[in-house]
Amino acid sequence: QYPTWLENTNFDFRLHFLQHGGKLVRSELIAGKKIPLLGYKFIPTFSTGFIWTSPDEYSGLLKDTKENKLTFVIRPSVEF
């Protein structure tokens, strides 16, 4: 069995690699929680996490930086 606080919890982990060479260029780790409310037909959700991006993710005119970026993400939403 698992702890009850894990109920209605989700984890999203993604890795993005270059097509040629296989270098890691983006990593995302997002954790979310659904908060069921009795008597309502919608469910508020809250997710938070980090996204790391390499400057090698894009090339040519799309490349806009020469440094790694770390972004903190907050995603409130509602499910119907």
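Given the structure is predicted, the values throughout are model-derived calculations rather than measurements. Computed over heavy atoms, backbone and side chain alike; hydrogens, waters and symmetry mates excluded.
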field: Atom CZ of Phe17: over 12 foreign heavy atoms under 6.0 Å
entry: yes
message: Suppose we screen for ring-ring contact (aromatic ring centres under 6.0 Å, His included). Which residues come up paired with Tyr40, at least two apart in sequence or across chains?
response: Phe42
Transitive ILVMFWY side-chain link Leu15 to Tyr58, under 4.5 Å: no
query: By side-chain hydrogen bond (donor to acceptor under 3.5 Å, both in side chains), which residues pair with Asn10, not counting sequence neighbours?
result: none
- prompt: For Thr45, what residues pass the side-chain hydrogen bond (donor to acceptor under 3.5 Å, both in side chains) criterion, not counting sequence neighbours?
  reply: Ser77
statement: CG of Leu18 to OG of Ser59, rounded to nearest 0.5 Å, is 8.5 Å
Donor-acceptor pairs are to be reported for all side-chain atoms of residues 60-72 against protein atoms at under 3.5 Å, with residues two or more places apart or in another chain.
from: Thr65; atom 1: OG1; to: Glu67; atom 2: N; distance (Å): 3.2

Side-chain atoms of residues 22-38: list all donor-acceptor pairs with protein atoms under 3.5 Å, sequence neighbours left out, distances to 0.1 Å.
from: Lys23; atom 1: NZ; to: Asp56; atom 2: OD2; distance (Å): 2.3
from: Arg26; atom 1: NE; to: Glu28; atom 2: OE2; distance (Å): 2.9
from: Arg26; atom 1: NH2; to: Glu28; atom 2: OE2; distance (Å): 3.2
from: Lys33; atom 1: NZ; to: Trp5; atom 2: O; distance (Å): 2.8
from: Lys33; atom 1: NZ; to: Glu7; atom 2: O; distance (Å): 2.6
from: Lys33; atom 1: NZ; to: Thr9; atom 2: OG1; distance (Å): 3.3
from: Lys34; atom 1: NZ; to: Glu79; atom 2: OE1; distance (Å): 3.4

- request: State, yes or no, whether a side-chain contact exists between Leu6 and Phe11 at a heavy-atom distance under 4.5 Å.
  value: yes
